Amino acid sequence: MTVIAPRVCVATVPVPYQVVECSAESADTATIAVEPVAAPLPAFAPGQFAMVYAFGVGDVPLSVCGIDGHRLTHTVRSVGATSGALRSLRPGTRVGVRGPFGTAWDLSSASGRDLVVVAGGIGLAPLRPLVHGALAAPERYGRVNVLIGARTPGDLLYTEELPRWRADTRTLVTVDRPDATWTGDVGVVTALLDRAAFDPSSSVAFVCGPEVMIRATARELVHRGVDPDRIRVSLERTMHCGTGHCGHCQLGPLLLCRDGPVVTWTHAQPLLSVREL
Amino acid sequence: MTDGFLGSLSPTLRGWLLGFAHETSFPSDIRIFDEGGEADRFWIVRTGLIALDVHVPARGPVVVETVGDGELLGWSWLFEPYQWHLGALTRTAVQAYEFDAPQVRAAMDEDPAAGLALFRAIGDQVIGRRLKSARTRLLDLYGPRAYESGPVR
(Lines give C-alpha, C1' and ligand atoms only; values in the text may rest on other atoms or scores of the structure.)
Protein backbone atom coordinates (compact mmCIF):
# COMPACT_ATOMS: atom_id res chain seq x y z
CA MET A 1 0.00 0.00 0.00
CA THR A 2 1.31 3.40 -0.92
CA VAL A 3 1.54 5.89 1.89
CA ILE A 4 0.80 9.40 0.81
CA ALA A 5 2.61 11.97 2.89
CA PRO A 6 0.47 14.83 4.13
CA ARG A 7 0.90 17.73 1.75
CA VAL A 8 0.45 21.32 2.75
CA CYS A 9 -0.94 23.59 0.10
CA VAL A 10 1.50 26.46 0.44
CA ALA A 11 -0.68 28.74 -1.64
CA THR A 12 -3.63 28.77 0.71
CA VAL A 13 -2.43 27.59 4.11
CA PRO A 14 -0.01 29.77 6.09
CA VAL A 15 3.18 27.93 7.00
CA PRO A 16 4.62 28.78 10.42
CA TYR A 17 7.77 30.87 10.34
CA GLN A 18 9.60 32.48 13.22
CA VAL A 19 11.00 35.97 13.34
CA VAL A 20 14.75 35.64 13.84
CA GLU A 21 15.86 39.21 13.31
CA CYS A 22 14.31 42.64 13.11
CA SER A 23 15.78 46.05 12.60
CA ALA A 24 14.23 49.48 12.33
CA GLU A 25 14.78 51.19 8.99
CA SER A 26 12.95 54.40 9.90
CA ALA A 27 10.27 55.64 12.25
CA ASP A 28 7.55 53.63 10.52
CA THR A 29 9.48 50.93 8.66
CA ALA A 30 11.29 47.81 9.79
CA THR A 31 13.00 44.85 8.18
CA ILE A 32 12.23 41.43 9.58
CA ALA A 33 13.90 38.11 8.81
CA VAL A 34 11.91 34.92 9.23
CA GLU A 35 12.89 31.26 9.13
CA PRO A 36 10.66 28.20 8.83
CA VAL A 37 9.67 26.48 12.04
CA ALA A 38 9.34 23.16 10.18
CA ALA A 39 9.11 22.49 6.45
CA PRO A 40 10.06 25.55 4.42
CA LEU A 41 8.12 27.05 1.56
CA PRO A 42 9.45 26.55 -1.97
CA ALA A 43 12.29 28.88 -2.90
CA PHE A 44 11.43 32.51 -3.57
CA ALA A 45 12.93 34.50 -6.42
CA PRO A 46 13.67 38.25 -6.35
CA GLY A 47 10.54 40.19 -7.22
CA GLN A 48 8.11 37.62 -5.84
CA PHE A 49 6.05 38.22 -2.74
CA ALA A 50 4.63 36.35 0.23
CA MET A 51 1.43 36.78 2.15
CA VAL A 52 2.64 37.28 5.71
CA TYR A 53 0.13 36.67 8.48
CA ALA A 54 0.27 38.41 11.85
CA PHE A 55 -1.79 35.93 13.84
CA GLY A 56 -4.97 37.40 15.17
CA VAL A 57 -4.65 40.51 13.06
CA GLY A 58 -4.46 39.67 9.36
CA ASP A 59 -2.15 39.13 6.42
CA VAL A 60 -0.53 41.48 3.95
CA PRO A 61 1.52 40.98 0.79
CA LEU A 62 5.22 41.63 1.35
CA SER A 63 7.90 41.40 -1.31
CA VAL A 64 11.00 39.48 -0.41
CA CYS A 65 13.86 41.91 0.08
CA GLY A 66 16.37 39.21 1.01
CA ILE A 67 16.67 35.51 0.28
CA ASP A 68 19.25 33.46 2.14
CA GLY A 69 18.52 29.76 1.90
CA HIS A 70 15.19 29.28 3.62
CA ARG A 71 15.49 32.59 5.46
CA LEU A 72 13.29 35.31 4.01
CA THR A 73 13.63 38.99 4.69
CA HIS A 74 10.82 41.50 4.33
CA THR A 75 10.68 45.23 4.79
CA VAL A 76 7.35 46.42 6.08
CA ARG A 77 6.04 49.91 6.52
CA SER A 78 3.34 50.51 9.08
CA VAL A 79 0.29 51.84 7.29
CA GLY A 80 -2.47 49.91 9.04
CA ALA A 81 -3.27 47.38 11.72
CA THR A 82 -1.60 44.35 10.10
CA SER A 83 1.47 46.07 8.73
CA GLY A 84 1.78 47.90 12.06
CA ALA A 85 1.71 44.58 13.92
CA LEU A 86 4.32 43.07 11.58
CA ARG A 87 6.57 46.09 11.87
CA SER A 88 6.56 45.74 15.64
CA LEU A 89 7.42 42.03 15.74
CA ARG A 90 10.28 40.85 17.90
CA PRO A 91 12.57 37.81 17.45
CA GLY A 92 10.88 34.60 18.52
CA THR A 93 7.41 35.65 17.37
CA ARG A 94 5.68 33.30 14.97
CA VAL A 95 4.02 34.44 11.79
CA GLY A 96 2.28 32.60 8.99
CA VAL A 97 3.69 32.78 5.50
CA ARG A 98 2.15 31.80 2.16
CA GLY A 99 3.97 31.85 -1.14
CA PRO A 100 5.96 32.29 -3.24
CA PHE A 101 3.60 34.30 -5.39
CA GLY A 102 3.87 36.20 -8.62
CA THR A 103 6.43 36.81 -11.29
CA ALA A 104 10.09 37.53 -10.59
CA TRP A 105 12.65 40.00 -11.84
CA ASP A 106 14.36 38.36 -14.81
CA LEU A 107 17.95 39.22 -14.00
CA SER A 108 19.25 36.70 -16.53
CA SER A 109 17.77 38.87 -19.28
CA ALA A 110 20.31 41.52 -18.34
CA SER A 111 23.27 39.26 -18.95
CA GLY A 112 25.86 41.14 -20.97
CA ARG A 113 23.85 44.35 -20.79
CA ASP A 114 23.95 47.54 -18.76
CA LEU A 115 21.62 47.43 -15.78
CA VAL A 116 19.47 50.35 -14.60
CA VAL A 117 17.71 49.78 -11.29
CA VAL A 118 15.38 52.61 -10.27
CA ALA A 119 13.70 52.56 -6.88
CA GLY A 120 11.32 55.02 -5.24
CA GLY A 121 10.61 54.92 -1.52
CA ILE A 122 9.88 51.47 -0.17
CA GLY A 123 10.03 50.24 -3.78
CA LEU A 124 13.69 49.57 -3.08
CA ALA A 125 12.70 46.53 -1.01
CA PRO A 126 11.78 44.17 -3.88
CA LEU A 127 14.76 45.42 -5.87
CA ARG A 128 17.27 44.71 -3.11
CA PRO A 129 17.71 40.99 -3.90
CA LEU A 130 18.12 41.91 -7.55
CA VAL A 131 20.96 44.27 -6.63
CA HIS A 132 22.45 41.52 -4.46
CA GLY A 133 22.28 39.18 -7.47
CA ALA A 134 24.07 41.69 -9.68
CA LEU A 135 26.71 42.31 -7.02
CA ALA A 136 27.29 38.58 -6.66
CA ALA A 137 28.20 38.16 -10.33
CA PRO A 138 29.29 41.51 -11.70
CA GLU A 139 31.15 39.89 -14.58
CA ARG A 140 27.80 38.87 -16.10
CA TYR A 141 26.65 42.45 -16.61
CA GLY A 142 27.80 45.66 -18.14
CA ARG A 143 27.58 48.79 -16.05
CA VAL A 144 25.28 48.51 -13.05
CA ASN A 145 23.33 51.61 -11.99
CA VAL A 146 21.20 51.83 -8.87
CA LEU A 147 19.14 55.00 -8.63
CA ILE A 148 17.26 55.57 -5.40
CA GLY A 149 14.71 58.21 -4.47
CA ALA A 150 13.30 58.76 -0.99
CA ARG A 151 11.16 61.33 0.74
CA THR A 152 13.73 62.37 3.35
CA PRO A 153 17.18 61.13 4.38
CA GLY A 154 15.49 59.43 7.35
CA ASP A 155 13.32 57.38 5.00
CA LEU A 156 16.23 55.80 3.15
CA LEU A 157 16.36 52.02 3.41
CA TYR A 158 19.39 49.76 3.86
CA THR A 159 21.70 52.69 4.57
CA GLU A 160 24.34 50.35 5.99
CA GLU A 161 24.56 48.56 2.63
CA LEU A 162 24.79 51.63 0.42
CA PRO A 163 28.56 52.17 0.82
CA ARG A 164 29.16 48.69 -0.63
CA TRP A 165 26.69 49.32 -3.42
CA ARG A 166 28.44 52.60 -4.17
CA ALA A 167 31.80 50.84 -4.30
CA ASP A 168 30.65 48.20 -6.80
CA THR A 169 27.94 49.96 -8.79
CA ARG A 170 26.98 53.47 -9.80
CA THR A 171 24.60 54.09 -6.92
CA LEU A 172 23.00 57.53 -6.79
CA VAL A 173 20.57 58.66 -4.11
CA THR A 174 18.25 61.64 -4.08
CA VAL A 175 15.68 62.88 -1.60
CA ASP A 176 12.63 65.09 -2.00
CA ARG A 177 13.06 66.88 1.30
CA PRO A 178 16.58 67.23 2.63
CA ASP A 179 17.44 67.97 6.21
CA ALA A 180 20.36 70.03 7.44
CA THR A 181 22.67 66.99 7.44
CA TRP A 182 22.01 65.92 3.85
CA THR A 183 24.80 66.71 1.41
CA GLY A 184 23.62 64.63 -1.54
CA ASP A 185 21.17 65.10 -4.36
CA VAL A 186 17.78 66.75 -3.95
CA GLY A 187 15.03 66.15 -6.51
CA VAL A 188 13.08 63.43 -8.24
CA VAL A 189 14.70 60.09 -8.96
CA THR A 190 14.23 60.44 -12.73
CA ALA A 191 16.71 63.33 -12.68
CA LEU A 192 19.40 60.81 -11.73
CA LEU A 193 19.04 59.13 -15.13
CA ASP A 194 21.10 62.00 -16.54
CA ARG A 195 24.05 60.79 -14.50
CA ALA A 196 23.59 57.07 -14.87
CA ALA A 197 26.08 55.22 -17.02
CA PHE A 198 24.22 53.09 -19.54
CA ASP A 199 23.77 52.52 -23.23
CA PRO A 200 20.00 52.82 -23.77
CA SER A 201 20.08 50.59 -26.84
CA SER A 202 21.36 47.62 -24.87
CA SER A 203 20.19 48.22 -21.31
CA VAL A 204 17.70 46.44 -19.12
CA ALA A 205 15.82 48.47 -16.52
CA PHE A 206 14.05 47.36 -13.34
CA VAL A 207 11.73 49.89 -11.76
CA CYS A 208 9.67 49.84 -8.57
CA GLY A 209 8.00 52.56 -6.56
CA PRO A 210 4.81 54.61 -6.54
CA GLU A 211 2.91 54.23 -9.80
CA VAL A 212 3.36 57.87 -10.82
CA MET A 213 7.11 57.44 -10.35
CA ILE A 214 7.08 54.22 -12.39
CA ARG A 215 5.27 55.95 -15.24
CA ALA A 216 7.63 58.92 -15.22
CA THR A 217 10.71 56.71 -15.06
CA ALA A 218 9.58 54.35 -17.80
CA ARG A 219 8.68 57.26 -20.05
CA GLU A 220 12.14 58.78 -19.52
CA LEU A 221 13.81 55.46 -20.24
CA VAL A 222 11.82 54.96 -23.44
CA HIS A 223 12.53 58.58 -24.42
CA ARG A 224 16.23 57.80 -24.07
CA GLY A 225 15.92 54.75 -26.29
CA VAL A 226 15.42 51.83 -23.92
CA ASP A 227 13.22 49.14 -25.47
CA PRO A 228 9.90 48.93 -23.51
CA ASP A 229 10.27 45.14 -23.58
CA ARG A 230 13.46 45.54 -21.59
CA ILE A 231 11.89 47.71 -18.91
CA ARG A 232 10.50 45.62 -16.06
CA VAL A 233 8.22 47.30 -13.56
CA SER A 234 6.66 45.96 -10.38
CA LEU A 235 3.02 46.93 -10.02
CA GLU A 236 0.83 46.90 -6.99
CA ARG A 237 -2.85 46.39 -6.50
CA THR A 238 -4.68 44.87 -3.55
CA MET A 239 -3.15 41.41 -3.37
CA HIS A 240 -5.35 39.18 -1.29
CA CYS A 241 -5.54 35.49 -2.13
CA GLY A 242 -2.24 35.35 -4.01
CA THR A 243 -3.56 32.62 -6.27
CA GLY A 244 -5.47 34.51 -8.92
CA HIS A 245 -8.89 33.56 -7.61
CA CYS A 246 -10.30 36.48 -5.66
CA GLY A 247 -9.75 39.14 -8.33
CA HIS A 248 -8.84 41.94 -5.90
CA CYS A 249 -5.59 42.59 -7.75
CA GLN A 250 -7.05 42.75 -11.21
CA LEU A 251 -5.49 45.24 -13.60
CA GLY A 252 -7.30 44.90 -16.91
CA PRO A 253 -6.59 41.40 -18.20
CA LEU A 254 -3.95 40.78 -15.53
CA LEU A 255 -4.30 39.36 -12.07
CA LEU A 256 -1.22 40.90 -10.59
CA CYS A 257 -0.73 38.31 -7.87
CA ARG A 258 -0.35 35.69 -10.58
CA ASP A 259 0.57 37.54 -13.82
CA GLY A 260 2.58 40.19 -11.96
CA PRO A 261 3.75 41.99 -9.96
CA VAL A 262 6.69 42.15 -12.37
CA VAL A 263 5.63 42.88 -15.95
CA THR A 264 7.29 44.57 -18.90
CA TRP A 265 6.53 48.18 -19.67
CA THR A 266 5.11 46.97 -22.99
CA HIS A 267 2.35 45.26 -21.01
CA ALA A 268 2.03 47.83 -18.23
CA GLN A 269 1.99 51.07 -20.21
CA PRO A 270 -1.41 50.71 -21.91
CA LEU A 271 -3.00 49.50 -18.68
CA LEU A 272 -1.65 52.30 -16.55
CA SER A 273 -2.96 54.89 -18.98
CA VAL A 274 -6.56 53.82 -18.26
CA ARG A 275 -7.76 55.66 -15.17
CA GLU A 276 -10.57 53.26 -14.39
CA LEU A 277 -8.09 50.40 -13.97
CA MET B 1 26.74 58.37 -19.06
CA THR B 2 24.29 60.43 -21.04
CA ASP B 3 25.48 63.74 -22.38
CA GLY B 4 23.21 66.03 -20.42
CA PHE B 5 22.12 69.40 -21.72
CA LEU B 6 24.83 69.67 -24.36
CA GLY B 7 23.95 66.19 -25.60
CA SER B 8 20.39 67.32 -26.21
CA LEU B 9 21.55 70.00 -28.65
CA SER B 10 22.26 69.46 -32.33
CA PRO B 11 26.00 69.36 -33.12
CA THR B 12 25.70 72.73 -34.85
CA LEU B 13 23.95 74.40 -31.93
CA ARG B 14 26.31 72.76 -29.46
CA GLY B 15 29.31 74.13 -31.32
CA TRP B 16 27.66 77.55 -31.57
CA LEU B 17 26.99 77.69 -27.84
CA LEU B 18 30.38 76.35 -26.80
CA GLY B 19 31.91 79.13 -28.86
CA PHE B 20 30.92 81.45 -26.01
CA ALA B 21 32.17 79.18 -23.22
CA HIS B 22 35.25 79.20 -21.11
CA GLU B 23 36.18 76.55 -18.59
CA THR B 24 36.01 77.32 -14.91
CA SER B 25 36.06 75.51 -11.61
CA PHE B 26 34.81 76.06 -8.07
CA PRO B 27 35.89 74.41 -4.85
CA SER B 28 33.38 72.73 -2.58
CA ASP B 29 31.13 74.87 -0.36
CA ILE B 30 31.41 78.03 -2.42
CA ARG B 31 28.41 80.22 -3.17
CA ILE B 32 28.26 80.78 -6.91
CA PHE B 33 25.35 83.17 -6.79
CA ASP B 34 22.77 84.52 -4.37
CA GLU B 35 19.02 84.73 -4.67
CA GLY B 36 18.14 88.18 -6.05
CA GLY B 37 21.62 88.77 -7.46
CA GLU B 38 22.30 89.82 -11.04
CA ALA B 39 22.00 86.86 -13.41
CA ASP B 40 24.85 87.84 -15.69
CA ARG B 41 26.36 84.37 -16.19
CA PHE B 42 25.33 80.79 -16.49
CA TRP B 43 27.09 77.45 -16.46
CA ILE B 44 26.95 73.93 -17.82
CA VAL B 45 28.26 71.60 -15.16
CA ARG B 46 30.88 69.13 -16.40
CA THR B 47 31.40 67.45 -13.03
CA GLY B 48 30.26 68.16 -9.51
CA LEU B 49 27.13 68.90 -7.53
CA ILE B 50 25.50 72.24 -6.75
CA ALA B 51 22.61 72.91 -4.39
CA LEU B 52 19.94 75.42 -5.37
CA ASP B 53 18.54 77.09 -2.28
CA VAL B 54 16.11 79.67 -0.99
CA HIS B 55 16.73 81.69 2.12
CA VAL B 56 13.96 81.11 4.63
CA PRO B 57 13.96 83.35 7.71
CA ALA B 58 14.90 81.41 10.85
CA ARG B 59 15.81 78.37 8.75
CA GLY B 60 18.60 79.75 6.63
CA PRO B 61 19.19 78.43 3.12
CA VAL B 62 16.78 75.60 2.30
CA VAL B 63 17.88 73.35 -0.57
CA VAL B 64 15.12 72.81 -3.12
CA GLU B 65 17.03 70.94 -5.82
CA THR B 66 20.51 69.94 -6.90
CA VAL B 67 22.22 70.31 -10.26
CA GLY B 68 24.87 67.86 -11.32
CA ASP B 69 26.95 66.53 -14.20
CA GLY B 70 25.82 67.71 -17.62
CA GLU B 71 23.10 70.01 -16.33
CA LEU B 72 22.55 73.70 -16.99
CA LEU B 73 23.01 75.90 -13.95
CA GLY B 74 20.88 79.03 -14.20
CA TRP B 75 18.15 80.20 -16.54
CA SER B 76 17.20 83.51 -14.87
CA TRP B 77 19.69 85.17 -17.24
CA LEU B 78 17.24 84.48 -20.07
CA PHE B 79 14.35 86.59 -18.76
CA GLU B 80 14.06 90.08 -17.40
CA PRO B 81 14.80 91.35 -14.81
CA TYR B 82 17.82 88.99 -15.04
CA GLN B 83 17.92 88.26 -11.34
CA TRP B 84 18.50 84.85 -9.77
CA HIS B 85 15.38 83.21 -8.39
CA LEU B 86 17.49 80.90 -6.22
CA GLY B 87 20.92 80.75 -4.70
CA ALA B 88 23.59 78.22 -5.73
CA LEU B 89 26.14 76.63 -3.40
CA THR B 90 28.65 74.01 -4.49
CA ARG B 91 28.40 70.72 -2.61
CA THR B 92 31.51 69.27 -4.21
CA ALA B 93 34.30 70.63 -6.32
CA VAL B 94 32.77 71.68 -9.63
CA GLN B 95 34.14 71.93 -13.14
CA ALA B 96 31.95 73.79 -15.58
CA TYR B 97 31.65 75.74 -18.79
CA GLU B 98 30.90 79.34 -17.95
CA PHE B 99 29.03 81.70 -20.24
CA ASP B 100 28.65 85.47 -20.29
CA ALA B 101 24.87 85.91 -20.30
CA PRO B 102 24.60 89.32 -22.05
CA GLN B 103 26.92 88.05 -24.77
CA VAL B 104 24.81 84.94 -25.35
CA ARG B 105 21.56 86.92 -25.30
CA ALA B 106 22.98 89.31 -27.89
CA ALA B 107 24.08 86.37 -30.04
CA MET B 108 20.59 84.86 -29.78
CA ASP B 109 19.15 88.14 -31.06
CA GLU B 110 21.64 88.28 -33.91
CA ASP B 111 21.02 84.67 -34.97
CA PRO B 112 17.30 84.09 -34.30
CA ALA B 113 17.38 80.48 -35.57
CA ALA B 114 20.09 79.51 -33.12
CA GLY B 115 18.45 81.65 -30.45
CA LEU B 116 15.10 79.93 -30.88
CA ALA B 117 16.70 76.47 -30.87
CA LEU B 118 18.58 77.28 -27.66
CA PHE B 119 15.47 78.79 -26.12
CA ARG B 120 13.47 75.66 -26.94
CA ALA B 121 16.18 73.41 -25.54
CA ILE B 122 16.29 75.35 -22.28
CA GLY B 123 12.49 75.32 -22.13
CA ASP B 124 12.30 71.58 -22.66
CA GLN B 125 15.42 70.26 -20.99
CA VAL B 126 15.71 72.64 -18.08
CA ILE B 127 12.61 74.67 -17.26
CA GLY B 128 10.13 71.99 -18.31
CA ARG B 129 11.92 69.22 -16.47
CA ARG B 130 12.29 71.23 -13.30
CA LEU B 131 8.62 72.18 -13.43
CA LYS B 132 7.69 68.49 -13.83
CA SER B 133 10.04 67.63 -11.00
CA ALA B 134 8.50 70.25 -8.72
CA ARG B 135 4.97 69.08 -9.55
CA THR B 136 5.89 65.47 -8.94
CA ARG B 137 7.38 66.31 -5.58
CA LEU B 138 4.20 68.20 -4.68
CA LEU B 139 2.45 64.83 -4.86
CA ASP B 140 4.59 63.63 -1.95
CA LEU B 141 4.67 60.19 -3.57
CA TYR B 142 6.74 58.56 -0.87
CA GLY B 143 4.79 60.07 1.98
CA PRO B 144 2.85 58.07 4.56
CA ARG B 145 0.03 56.11 2.94
CA ALA B 146 0.88 57.52 -0.45
CA TYR B 147 2.49 54.41 -1.85
CA GLU B 148 0.03 51.70 -0.95
CA SER B 149 -2.99 51.22 -3.12
CA GLY B 150 -6.24 49.75 -1.98
CA PRO B 151 -7.48 49.47 1.55
CA VAL B 152 -4.91 50.02 4.26
CA ARG B 153 -4.27 46.84 6.17
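We name chains A, B, ... by the order of the sequence lines, and we start the count at 1 in each one. In this text, all values refer to a predicted model and were calculated from it rather than measured experimentally.
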Tell me if the [atom1] atom of [X] is crowded by more than 12 foreign heavy atoms within 6.0 Å.
{"X": "A:H223", "atom1": "NE2", "answer": "no"}
{"X": "B:F119", "atom1": "CZ", "answer": "no"}
{"X": "B:R120", "atom1": "CZ", "answer": "no"}
{"X": "B:H55", "atom1": "NE2", "answer": "yes"}

Heavy-atom closest contact (B:D69 atom, A:R170 atom, distance):
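Reported closest heavy-atom pair: OD2-NH2, 4.4 Å.
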
Mind listing the closest non-hydrogen atom pair of B:T66 and A:G184 along with its distance?
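Looks like CG2-O, 3.6 Å.
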
Do [X] and [Y] have side chains that get closer than 4.5 Å, going by heavy atoms?
{"X": "A:R151", "Y": "B:R137", "value": "no"}
{"X": "B:V63", "Y": "A:R177", "value": "no"}
{"X": "B:L49", "Y": "A:R195", "value": "yes"}
{"X": "B:L139", "Y": "A:V212", "value": "yes"}
{"X": "B:Y142", "Y": "A:D176", "value": "yes"}

Side chain, backbone, both or neither: which part of [X] has a heavy atom under 4.5 Å from chain A?
{"X": "B:R91", "result": "side chain"}
{"X": "B:V64", "result": "backbone"}
{"X": "B:R130", "result": "neither"}

Contacting region of A:A150 [heavy-atom separation from chain B under 4.5 Å]:
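Just the backbone, heavy atoms under 4.5 Å.
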
Would you mind checking which part of A:D185 comes under 4.5 Å of any heavy atom in chain B, side chain (CB onward), backbone (N, CA, C, O), both or neither?
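It is both, since atoms from each part get that close.
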
Residue among A:A191, A:A216, A:G149 with most heavy-atom pairs under 4.5 Å to chain B:
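The answer is A:G149.
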
